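Numbers restart at 1 for each chain; the letters A, B, ... are given by sequence-line order, proteins then strands. Worth saying up front: this structure is predicted, and the values here are computed from it rather than measured.
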2 protein chains.
Amino acid sequence: MEKQITIKDIAIALNISTSTVSRALRDAPDVKAETKAAVKALSEKLDYQPNRLALSLLNRQTNTIGVIIPNLDYVLSTMVKGIDEVALGAGYTVMVCQSDESYGREMVNTKRLLDSLVDGFIVSVSSETKVFEHIKKIQDKKIPLVLFDRIVNNIEAPKIRLDNIDGGRQATEHLIEQGYKKIAILAGPENLNISNKRMEGYLQTLKAHGLRSDKGHIIHCDFNQQYAYEATKELLASKNRPDAIFTISDRMAIGAMLAIKEKGLSMPHDIGLVGFNNEPIVSLVTPAISSVEMYAFEIGKATAKAFIEMMNGGNDMLDQEIIIKPKLFVRNSSKRN
Amino acid sequence: MEKQITIKDIAIALNISTSTVSRALRDAPDVKAETKAAVKALSEKLDYQPNRLALSLLNRQTNTIGVIIPNLDYVLSTMVKGIDEVALGAGYTVMVCQSDESYGREMVNTKRLLDSLVDGFIVSVSSETKVFEHIKKIQDKKIPLVLFDRIVNNIEAPKIRLDNIDGGRQATEHLIEQGYKKIAILAGPENLNISNKRMEGYLQTLKAHGLRSDKGHIIHCDFNQQYAYEATKELLASKNRPDAIFTISDRMAIGAMLAIKEKGLSMPHDIGLVGFNNEPIVSLVTPAISSVEMYAFEIGKATAKAFIEMMNGGNDMLDQEIIIKPKLFVRNSSKRN
DNA sequence: AGCGTTACCGGTAACGTTATCGGTAATATT
DNA sequence: AATATTACCGATAACGTTACCGGTAACGCT
């Protein structure tokens, strides 16, 4: 790393003070046009770039947003893309740190970024996170915080998320409409809010239609094809075999699909299947899988917008919750009539 | 944002100098044990966190790596995960910026990070990038740079990449062994190095086995299922219909698969299919798709390791090229005997 | 001639931290 | 008792930048 060009170098070369150089570069009114021109010409020639560290230290702001996410799967990548787009436009640089679904790494990442590196946080918590001291610490320091997707209820911050209950409802209602009676659900980890909400939608809808929800038809497993595959195998081998499965992610849907095919059952005839996320892949397998679109890119954009609004003094936003409506895309895995 | 606790606050509270506080916190030998204890206790109590901006300004290093990537698809996400893992372990924070395959955004991102925000760069260029002034600027400033995956040949920097030619060779050789005679290739954008290398392996292998490569069997299209789907439809409708297709990504393989199924052809009997990347999805569709594993996580780790080595003064690494060997995983889409 | 105004510029302090030098008091050595 | 050594600590400068205050020279006005 070479010594970088500073304002001082220019000042010495032109035999003026650093103050004048600084003013000239910022087009201040009280600098002779001639001087300005000389300064600008030289700084151009030397390819002067202001040192953002020094500026940040002085202004106490870095124009950087810390984004903490559990992983970089399809949905979160898409959300990050949305955040990125809006943030970049507003002059912010985004710092993405993935916790890899680990509470420990989430804490470490948060702490690092907290050391005056970012102006604020956009967080989606890991599935392992059950204690929120690190999040509270952000707020103790009065640093702007926005939660998205995997939100935490008892923290007061703007929250941007999907209407997960409604997503669960749409999927379940559709299956019922198609005549399925024994609908199982492959849910995610037990303490994961988004999973529980989707399940809540599922349970509510069953109840509303006077259907019983067999306890054996509710299965918690990790966000993982392999687990989903095995869970489905068990489901299909059970005494009270379900005639439809709602999985709360497409990855899991594909795992389930594999087990269904292996068993020699046909979709949608013998068994119906609905996934969640509407990843591109679901329309490319056979049969194409019905799935709930969650508009991840939009969620990302809305999150960044809320963040920026908050940065601009919107402390009245603390209790705001932006809820995006999902939409079921029906495909052949569940379309019986 | 509240005023943060500084070393000065502690100094005033304990009626000692900032120098002493600083030394006490760093466990310097020439501080009374009693003083140390007092400082540590208070800094603990006030939850003092050193200001990394100030430190960075002083030491001229930020302990941050700028990672520029074209997007966050499966392969790159996995590589970033590898980079992250190694970098975190070495005390670096990673700043991921995606260019979204746009030359303009790649430039903007690079420039921003160049303003003293990062100690070095790890770059994978966008498919749109044909001019490399922004990359050369990094080197002009003597800032460490490592290229990975989508590398640029005429830039002198450590490069970590897959042996793409060999990947193309393995795929093609396998298809030939399975008795396929008319092997088409779905390649990526024309100026994309990784695509051209995989194609080179394909062409070399055809030649080595005395097979002609029909010009109509070489198709360039974007990394995109939809394009691949349409391109395959055309291929299958052409006079000289291929009996096998090698796609240089799994996304494209799935697009191709869709077209093949639609046409009513069976794999591997009527037509063979081999993809690239070995994404989890390929083993979950029917038939499972053969694919070339590129060990993305390993590439990510190797990249970060090379970067760190370079940071530690390894300027002798400038011409080093680490080449990871791929490995074909054979599945039912191409296993005829 | 004396005063105010304008145009322009320089010096200093500050952001938070640490390296370096130097100093003082207590203790050890002769 | 005089000197050397040790243990401990404070002041200062520096990293690069800008806000703020102040100053000088030139000019115009009465």
**Asked** Are B:Asp115 and A:Gln49 close enough that a side-chain donor and a side-chain acceptor fall under 3.5 Å?
**Response** yes

**Message:** Under 3.5 Å, is there a donor on one side chain and an acceptor on the other for B:Glu128 and B:Ser102?
**Reply:**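 Absent: no donor and acceptor within the cut-off.
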
Applying a 4.0 Å non-hydrogen cut-off, can you work out what [X] is touching in the nucleic acid: base, sugar-phosphate, or nothing?
X: B:Thr35; result: sugar-phosphate
X: A:Leu58; result: base
X: B:Arg23; result: base
X: B:Ile16; result: sugar-phosphate
X: B:Asp30; result: base
X: A:Ser19; result: base

**Prompt:** Looking at five pairs on each end of the helix from C:dA1-D:dT30 to C:dT30-D:dA1, what is the angle between the two axes, given to 10 degrees?
**Reply:** 70°

Spacing of [X] atom [atom1] relative to [N] atom [atom2], expressed in whole Å:
X: A:Leu55; N: D:dC15; atom1: CG; atom2: C1'; value: 13 Å
X: B:Asn59; N: D:dA14; atom1: CG; atom2: P; value: 16 Å
X: A:Ile5; N: D:dT17; atom1: CD1; atom2: P; value: 10 Å
X: A:Asp115; N: C:dC15; atom1: CG; atom2: C1'; value: 16 Å
X: B:Ile10; N: D:dG10; atom1: CD1; atom2: P; value: 14 Å
X: B:Glu34; N: D:dA7; atom1: CD; atom2: P; value: 16 Å
X: A:Lys32; N: D:dA25; atom1: NZ; atom2: P; value: 14 Å

**Request:** If a pair satisfies side chain to side chain donor-acceptor pair (under 3.5 Å) and one of its residues is in residues 145-159 of chain A, list it, with sequence neighbours excluded.
**Result:** A:Glu101-A:Arg150

**Message:** If the threshold is 4.0 Å, N to carboxylate O, is there a salt bridge linking A:Asp27 and A:Lys40?
**Reply:**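 Answer for the salt bridge query: yes.
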
**Item:** Among B:Asp119, B:Thr93, B:Leu55, B:Val118, side-chain contact (heavy atoms from CB on, under 4.5 Å) partner for B:Asn63
**Value:**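 Among B:Asp119, B:Thr93, B:Leu55, B:Val118, the one that satisfies the side-chain contact (heavy atoms from CB on, under 4.5 Å) with B:Asn63 is B:Asp119.
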
**Request:** Can you figure out which of C:dG16, C:dC9, D:dG10 approaches the side chain of A:Thr20 most closely?
**Result:** C:dC9

**Request:** With DNA chain D as reference, determine whether B:Pro29 or B:Ala54 sits nearer its 5' end, using the nearest nucleotide of each.
**Result:**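 First, find each residue's nearest nucleotide; the 5'-ward one identifies B:Pro29.
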
**Heavy atoms from other residues, nucleotides or ligands near NZ of B:Lys45 exceed 12 (cutoff 6.0 Å)** = no

**Message:** Per the ring pair (Phe, Tyr, Trp, His ring centres under 6.0 Å) rule, what does the pair list look like for residues 90-147 of chain B, sequence neighbours excluded?
**Reply:**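 Listed once each, the pairs are B:Tyr103-B:His134.
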
